[in-house]
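This structure is in structure tokens; I'll ask about it shortly.
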Amino acid sequence: MMAKQAPRLPRTKSTGKGLSIALLGVGVGAAAGSLFAGSVSALAAYFARRVVTPNAVPEESLAILAVVPTDDGQDIILPANKDSTAPGRYSLFFSADRGHARLGEPKGYRTGDGTVTRPVEKVYSGDLSAAVRGRLSGVVFNSPADVGVEYTEIEIPTENGGAPAWFVAGTDRADTWAICVHGRGANRKEGIRALPTLGDLGLSALLVSYRNDGVAPAAVDGRYGLGATEWPDVDAAIDYALSRGAREVMLFGWSMGGAVGLQAADRSGNARSISAMVLDGPVINWIDVLSHQAKLNRIPEAVGRFGQWLLSNKAGRWMTGLAAPLDLKELNWVERHDQLRIPTLIMHSEDDDFVPIGPSEQLAELNPETVVLKRFTRAGHTREWNVDPERWDREVKDFVGAVLNSTRPGEPAEVGG
């Protein structure tokens, strides 16, 4: 088959001028292409860098309209939206997280001006009356003392230094330790909500910190590893537990803490001592989450994919700041479903708009002998306890109780349902 000849350029009176015009066209096209490629690269780099970079200053997007005195203390008036009107108790962080208040159930909603009123149950720190903006959080409590339990401040030796943790001694199941792993942008306070449930079960509890969370020592690159680099800190916590009398451990993880727990269960030398996992709004597949976040932020699909490439390839390190690329396939537990053999309870809200429930559904469908999925509604991201604490407590007790009654460390449990 003969190759087609290239079309001839039209003749001009001045060959030099015609050549100049042609080159000018090529130059404009190349410049436009360079600008487009440059903007795509910059946006992809920004997206990828934001994913792995801890926030230096927390975003406070919620306006605080008023704080008013009441017979019982104080009320706060906020703009009404899905989060501010949600049932349950929450934290309000303000003044760059130096201020922290606990808010109760909504008590008034004014459709006319689009506001909601909630009682201020307690101000842990800061001057709430002077605050103008803040952010709502499902964390709720400030320390284990706020749920009426005695605790000890300890440090867990990690490769980056001592990582602070809270330890709560158990009772009749004290040799089973629940290790609570918080999510991205949170800290060990996230696990306080679980302490009353763990106490009723008789378990000991360890609420840990890990690299780059603002509590534990930072890693050299100061970047999140989405579970791929944080799991050794959880493994160090397991070492700590086993060295102090734990017979088995259970991993509790929220959001990215679920991804951290899954990696620890997969890669830890102590994996046989992990008898169960309880995951709340977990990241099961980072590829899915990153695609969702790109779409949510109106980032073109191709740009989002390029951002994923930057995270997972050596060539992207100078843009992301990562010390080493991340293997996103290793963090995809939908594809690796058959490798998960530890009994796992997932609680995930259908309304989670940060980490969609889809991968949790897929994992439970593909591995029904190991994974139990309990769906919640109206909870948003990792706020299942906040919206329905009684159900959260019941689901955990039923699941953990079944595991405790049917297994020894390293043996699979029949947890169906």
Side-chain angles (χ1 to χ4, degrees), residues 42-67 76 78-79 81-84 90-103 120 122-143 160-161 163-164 181-192 208-227 229-230 233 254-257 260 281 283 289-290 293-294 296-299 307 310-311 318-323 353-355 380-383:
L43 182 56
Y46 175 78
F47 173 62
R49 192 164 53 247
R50 288 288 297 120
V51 169
V52 295
T53 304
N55 290 333
V57 179
E59 181 182 356
E60 296 179 343
S61 58
L62 182 67
I64 298 172
L65 302 177
V67 178
I76 190 167
L78 304 168
N81 58 39
K82 186 180 73 172
D83 290 335
S84 65
Y90 299 88
S91 277
L92 176 71
F93 289 98
F94 55 95
S95 300
D97 277 13
R98 293 187 297 273
H100 179 194
R102 187 174 76 224
L103 309 184
V120 179
K122 186 169 184 176
V123 178
Y124 294 112
S125 59
D127 182 2
L128 182 60
S129 62
V132 295
R133 303 193 72 79
R135 66 180 184 91
L136 287 173
S137 167
V139 165
V140 185
F141 304 106
N142 195 57
S143 87
N160 295 307
V181 187
H182 65 78
R184 182 189 183 282
N187 57 44
R188 56 185 172 160
K189 295 178 184 179
E190 189 157 45
I192 297 173
V208 302
S209 58
Y210 55 74
R211 64 192 68 191
N212 307 319
D213 69 356
V215 178
V220 173
D221 61 3
R223 296 291 191 267
Y224 292 125
L226 310 184
T229 59
E230 293 84 0
D233 295 350
W254 286 259
S255 189
M256 190 179 91
V260 176
V283 179
V289 171
L290 293 173
Q293 286 298 319
L296 199 65
N297 288 279
R298 299 181 180 178
I299 294 173
L310 292 174
L311 290 170
W318 69 274
M319 290 186 177
T320 63
L322 289 166
D353 56 3
F354 191 81
V355 176
H381 184 50
T382 64
R383 297 180 180 182

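Values in this document were obtained by computation on a predicted structure and should not be read as measured data.
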(message) Do T229 and N212 make a side-chain contact, defined as non-hydrogen atoms from C-beta onward lying under 4.5 Å apart?
(response)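 Heavy-atom side-chain distance check fails, nothing below 4.5 Å.
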(message) A side-chain contact here means heavy atoms from C-beta on lying under 4.5 Å apart; do K122 and N142 qualify?
(response)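 Heavy-atom side-chain distance check fails, nothing below 4.5 Å.
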(request) Inspect the contact between D213 and R188 and indicate whether a charged nitrogen and a carboxylate oxygen are less than 4.0 angstrom apart. (result)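 No, this pair does not count.
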(message) For a 4.5 angstrom cut-off between non-hydrogen side-chain atoms, does L62 reach D83?
(response)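 Result no, sub-4.5 Å side-chain heavy-atom pair not found.
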(request) Could you check if a side-chain atom of L226 sits within less than 4.5 angstrom of a side-chain atom of V283, using non-hydrogen atoms only? (result)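 Not touching, per the 4.5 Å side-chain cut-off.
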(request) Using a 4.5 Å cut-off on heavy atoms from C-beta on, say whether the side chain of T320 contacts that of D221. (result)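 D221 does not reach T320 side chain to side chain.
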(message) Counting C-beta onward and ignoring hydrogens, is there a side-chain heavy-atom pair between V181 and M256 closer than 4.5 Å?
(response)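 V181 vs M256: side chains apart.
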(message) Is there a side-chain contact between P79 and L65 in this structure, where contact means two heavy atoms from C-beta onward sitting under 4.5 Å apart?
(response)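 Counting from C-beta outward, P79 and L65 do come under 4.5 Å.
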(request) Anything under 30° is parallel, anything over 60° is perpendicular, the rest tilted; go ahead and classify Y124 against H100. (result)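 Tilted, since the angle between the ring planes falls between 30° and 60°.
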(request) Look at the aromatic rings of H182 and Y210 and report parallel, tilted or perpendicular, splitting at 30° and 60°. (result)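 The arrangement is parallel - the two ring planes meet at less than 30°.
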(message) Once rounded to the nearest 0.5 Å, what's the spacing between atom CG of L322 and atom CZ of R223?
(response)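 L322 CG to R223 CZ: 7.0 Å, rounded to 0.5 Å.
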(message) To the nearest 0.5 Å, what is the distance between CD1 on I64 and CD1 on I76?
(response)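 I64 atom CD1 to I76 atom CD1 measures 4.5 Å (nearest 0.5 Å).
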(message) Would you compute the distance between atom NZ of K189 and atom OG of S91 and round it to the nearest 0.5 angstrom?
(response)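 Nearest 0.5 Å value for the NZ-OG distance: 8.0 Å.
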